[in-house]
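The figures here come from the full heavy-atom set of this structure, side chains too, leaving out hydrogens, waters and symmetry mates. The sequence lines fix the lettering, A, B, ..., with proteins before strands; numbering per chain opens at 1.
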Amino acid sequence: MVSEAKEVQESIVNQVFPEAAGQDVPPEQLRDEYEVLADQVRKLRFAYYNEDSPLASDAEFDRLYRRLEELEALHPELVTNDSPTQEVGGEVSAAFTAVDHLVRMYSLEDVFSLDELRTWVTRAEASVEKIGGHAPLRWLTELKIDGLAVNLLYRNGTLVRAATRGDGTTGEDITHNALTIREIPRQLAGTDHPAEVEIRGEIFIASKAFAELNESMVEQGKAPFANPRNAAAGSLRQKDPAETAKRPLSMYVHGIGAKEGLQTLTQSETYRQLQEWGLPTSPYFKVLDSYDEVLDFIAHYGTHRHDLTHEIDGIVVKVDDFATQRALGYTSRVPRWAVAYKYPPEEVHTKLLDILVNVGRTGRVTPFGLMEPVKVSGSTVEMATLHNQDVVRAKGVKIGDIVVLRKAGDVIPEIVGPVLALREQQQPPVRDFVMPTHCPSCGTELAPAKEGDVDIRCPNARSCPSQLRERVFHLAGRGAFDIEALGWEAAIALTQPAEPATPPLTNEAGIFHLTPEDLAGVLIERDKKVKGEVTGRELVPYFYSRGTAKKPSVPTANTQKLFRELEKAKSQPLWRVLVALSIRHVGPTASRALATAFRSMEAIRAASEEQLADVPGVGPIIGQAVKEWFDVDWHREIVDSWASAGVRMADETDESTPRTLSGLTVVVTGSLTGYSRDEAKEAIITRGGKASGSVSKNTHYVVAGENAGTKLEKAEQLGLRVLDEEGFTRLLAEGPAGVDGAAEGGEEADDDNEDAGLRVEVDEPA
DNA sequence: ATACCTCGAGATCG
DNA sequence: CTCGAGGTAT
C-alpha cells in the first residue's frame, strides 16, 4: 500500500515539475496533470485524517502540497474551489462549499396511482416503438429509499468528492462526512476503473439503527430525532466529521452520472459492476420482463413496507437497457426512462382549530388551517394552506371539524376533508369559515383584483402592515438587497411592532433613511418560555438591549450589523434593486434583462411599454407591469427616496466590457474550467447577450464544456455552432467576428453555418 | 411545511 | 443555555 502510494507520488512530481519550471505545455495537459496532483493531495489528506495509517509521511505530503501551491501560483487559472490548497491547515474548509456536478442530478417523475403508472409505461413503450425498439420493455424495479441523494466522484478508482444533490446542478461538498460512512469506499476494489465516474446513491439510516440511535439520544438526555431521514440529513451537515461518525449512516448506490470508460450496457449490469467495485447496491432490486411483474413487485412491498430494513417512500421503475434509456432521453427535469411510484400517503385525523388568513406580499389573502399538532409521515404538522375561498368550500371543512390530513407529494401538508361522522359531536360546535371582507391587517375592504378572480386581495398596498412586512422581508432577501440581520422577526419589528404605535417603517421608502434613534423603544411580542415550556407571551425590546438601572439601553450588535448591511446594500447592482421593488412578474430573470438593456433606473422609468416589451426575455406582460408600477406616485417615491439615500440606481457602463453579444443567445452546457456556471452567465449578460438554459433553433451559440450532455446532442441535430471554452473566450472578447473566422464579408452568419474549425467533438455521455 | 445544522449574541447562573 | 437568522434537505 505504502510503496504503491510512493510510486504514484514520484510519477506525479516528475510530471508536474516541468510546468512548475515554466515550460510550455498544452493547456489540456496542464489541467490534467494539475488534477492528478490535486487528487493525490486530497487522497493523502483523507488517509491522514480518516484512517489509522497514513499513506505517506508528513514530509512527502508537504512536498506534494508545495508542488501544488507552486503550480497554482504559476497558473492561477487552474485553481478550483475544491482545491486542497483552499482548505486551511488540514481543517477541511472545503466542507459545504458549492460544487458543480459533472452531470446533472435529475429528480424523478412521480406517479401517485397504478393508473398513472400504466399511462406512463404505455407512453414510454409507445415512444420506444416509434423509434424502432420493441415493447414490452425490460424493467428494473427497486425501492425508493427515504434518505438523501449523494453524488460520489471517483477518479481512477479513488474517491475525490462527495456532494449533496442541491438543485441538481450544484450541490454541497460533504466529502469530509461521507468519508466516515463505512459503506463508501475511499478506493474502489478491482483494477479496471474508469478515469472518471460519478456514482449516485442514497444515504439513509436503517430503521433498527435509528431506533437505537434515538434510544441513546434519550439516554444522554438529548431530544430524539423526528425521523430517520432528518437524522441522516442532520448528520451530514455536521461540521465535525467525528460527530457524523457516531451516526449509523448507510448508503446504497443506484446510478451513474458522468462516466468515462464504463462499458456496461444495462442498469442491472452496472449494479453488478458497482458491486464488484465494492459499492453497496440494494438487495431488493429486481429485473422484470413484464408489466405484471412490476405490479406484483409494487403490491408486495406495499404490504411489506414496514418489514424492510429501511424506510421507503415508493418504488422506482427504470428501463434496464442503456440504449433504450438514451433513446427515451430526458425532459428538462426528469428522465423519460424512469418513474417513481408513490404509495398512498399516510392519513391521520386531527382537529381543525381555526382557519386564519395571511396577507401576502402582493396583497393576496390566503386562508390556512390551524390544527391540533399531529404526526404525519415523519413530522408534526399544525398548519396547512387552504389556498383560497373556493378550496375551503370545495373541501367542505368547517372550523372545529375533525379533518383528514396527509402529506401530498411528500412535503406539503394537505387537509383532505372533514370526518363528517364526527361533526355533530364536536364541542364547541363547528362553524363555517367566512372569508373576511376586510383586511385583518389594515382593515381595508378586500376585493378581487379583477372581476371573476378567485383570489381576493387587500388593495392597500402602500401601507397595509402585512404587505409591507412581506415586502421588507423580500427586499432584504438573498435574491434582492441581501441584507443579513434583516429576517422575519426584524421585518415584524420594523413594520408591525407591539410598540410604539407608529412603526419605524410605514413604507419601504424609508428603509435607507432609518437611524438607530428610530429604533429605540421598539418592542415585539414573543412566546415567553420557562425551561422550554411556553407559558405565555411577553414584550421584549428588539433593536436595543434591555436597559437596567446601571446600563442604559443601547443598540445591540445585531442592530449595528443591520446598519452596516444597509450601507452595503446601497451599492448592489441595478438588477437587485429592481427585484427589491416587488414589481409583479419582475423576479431575478426579468430584472437582469431590464438592467442589462437599460442600465439605469431612470432609463427604465422613461421607457415606453413597447420599449420594455422589446427587451429579450421581457415581453408584453412584464412590460405592462413595469409601466403600471412606475405610474403610481408612491412607487416612484420609493425609488427617489432610495436614490436620495445613496442606493445605486445605474450599472456602470463599463467601456472595458464591450457589448459584443448584443442580440445573441448563448447556451453553456457541461462544465467549463475558467468559469463557474454563474460567471459564464454573467459574462454573457454583461456583454449584451442572452444566456439561455435550453437549446433551440433560436440559439446562436452553444458552448460545450466537459461532459456536455443532451444539449450538445441537440445542438448538433440543429446544426448550431458549438464552441469549446477557448472559442467562448474569443466570442466574449470579440463577438461573432472572433469565432466566425473568415466568414462572408461581415454578413451575419446563419444558424446552420457549419464551420468545421469551430466544432468540437465531445464523447456522448450517459 | 417542517426538521436539522451552524453561528453569533445575549441572557442566565453559580 | 436559548434564541433568531440563515442555510440545507425532502
Side-chain angles (χ1 to χ4, degrees), chain A residues 95-98 105 107-108 110 144-150 163-168 170-174 177 202-205 217 221-240 243-244 247 311-314 340 342 345 358 368-371 373-386 405-415 473 476-479 482-493 524 526-534 538 540-546 548 551 553-562 565:
Chain A
F96 307 125
T97 54
M105 292 179 83
S107 45
L108 289 174
D110 291 327
K144 189 167 194 296
I145 303 164
D146 193 11
L148 295 91
V150 268
T164 61
R165 184 183 178 289
D167 64 4
T170 306
E172 272 188 333
D173 192 318
I174 52 157
N177 286 333
E202 194 84 0
I203 292 179
F204 62 97
I205 296 180
M217 296 292 286
K222 296 183 212 164
F225 290 103
N227 61 59
R229 204 194 60 71
N230 283 334
S235 303
L236 288 180
R237 299 209 59 72
Q238 293 293 141
K239 208 182 78 170
D240 180 5
E243 209 47 53
T244 308
R247 309 284 175 79
E311 301 216 334
I312 63 172
D313 57 354
K342 297 294 184 81
N358 225 329
F368 64 97
L370 197 63
M371 291 153 298
V374 63
K375 292 265 276 181
V376 213
S377 307
S379 66
T380 305
V381 171
E382 56 178 332
M383 281 190 274
T385 178
L386 285 162
L405 180 74
R406 68 180 177 197
K407 289 228 199 125
D410 276 348
V411 190
I412 311 295
E414 179 195 4
I415 293 171
F473 183 66
R478 218 165 47 134
D482 196 13
I483 301 166
E484 271 181 60
L486 209 183
W488 179 247
E489 198 100 347
I492 292 175
I524 62 164
R526 208 184 258 170
D527 279 349
K528 182 182 175 71
K529 284 184 186 167
V530 179
K531 289 186 183 173
E533 294 293 301
V534 179
E538 63 179 340
V540 293
Y542 187 82
F543 294 107
Y544 278 56
S545 62
R546 240 187 260 269
T548 62
K551 285 185 189 170
S553 173
V554 293
T556 64
N558 240 335
T559 300
Q560 293 168 30
K561 182 175 186 186
L562 173 62
E565 289 281 323

| task | Rounded to the nearest angstrom, tell me the gap between atom CD1 in A:Ile412 and atom C1' in C:dA9. | result | 13 Å

| Sugar-phosphate, base or nothing in reach of A:Leu405, heavy atoms under 4.0 Å | nothing

| task | Identify which nucleotide among B:dA1, C:dA5, C:dA9 has an atom closest to any side-chain atom of A:Glu489, counting heavy atoms from C-beta outward. | result | C:dA5

| said: Under the rule for ring pair (Phe, Tyr, Trp, His ring centres under 6.0 Å), what residues qualify as partners of A:Phe473, not counting sequence neighbours? | reply: A:Trp488

| What is the distance from CG of A:Leu370 to C1' of B:dA1, rounded to the nearest Å? | 13 Å

| field | Closest to side chain of A:Thr164, choosing from C:dT8, C:dA5, B:dT2 | value | C:dT8

| message | As a test of reading the structure: which of C:dT8, C:dG4, B:dA1 is closest to the side chain of A:Thr385, going by heavy atoms? | response | B:dA1

| task | Identify whether any heavy atom of A:Ala485 sits under 4.0 Å from a base atom; if not, whether one sits that close to sugar-phosphate; answer base, sugar-phosphate or nothing. | result | sugar-phosphate

| said: If the cut-off is 4.0 Å, is A:Thr380 near the phosphate of B:dA3, judged by side-chain N/O to OP1 or OP2? | reply: yes

| message | Under 4.0 Å, counting only non-hydrogen atoms across every strand here, what does A:Gly166 touch: a base, just sugar-phosphate, or nothing? | response | sugar-phosphate

| note | Assert: residue with more 5' nearest nucleotide on DNA chain B, out of A:Pro224 and A:Val411, is A:Val411

| request: Quick one, give me the B/S/- string for nucleotides 5-14 of chain B, reading 5' to 3', where B means a protein heavy atom under 4.0 Å from the base and S means that only happens at the primed atoms, P, OP1 or OP2. | output: SSS-SSS---

| A:Ile203 CD1 to C:dA9 C1': how many Å, rounded? | 12 Å

| field | Closest nucleotide among B:dA3, C:dT8, C:dT10 to the A:Asp146 side chain | value | C:dT10

| field | Whole-Å distance separating the CG atom of A:Leu486 from the P atom of C:dG7 | value | 13 Å

| A:Glu172 bridged to A:Arg237 by N-O distance under 4.0 Å | yes

| message | Quick one about A:Ser379 and A:Lys407 (side-chain donor to acceptor, distance below 3.5 Å, no hydrogens or angles considered), yes or no? | response | yes

| said: If you define the side chain from C-beta out and look only at heavy atoms, does anything of A:Lys144 sit under 4.5 Å from A:Glu202? | reply: no

| Out of C:dA5, C:dG7, B:dA3, which has the shortest distance to the side chain of A:Tyr542? | C:dA5

| message | I need the NZ-P distance between A:Lys407 and C:dA9, as an integer number of Å. | response | 17 Å

| Listed partners of A:Phe543 passing ring pair (Phe, Tyr, Trp, His ring centres under 6.0 Å), at least two apart | none

| task | Measure from the side chain of A:Trp488, starting at C-beta and using heavy atoms only, and say which of C:dA5, C:dT10, C:dT8 lies closest. | result | C:dA5

| message | Output the rounded distance in Å from CD (A:Glu243) to P (B:dC4). | response | 15 Å

| Does A:Arg229 count as lying over the ring of A:Phe204, i.e. NZ or CZ under 6.0 Å from the six-ring centre, within 45 degrees of the axis? | no

| message | When you compare the side chain of A:Ile415 with that of A:Met371, does any pair of heavy atoms fall below 4.5 Å? | response | yes

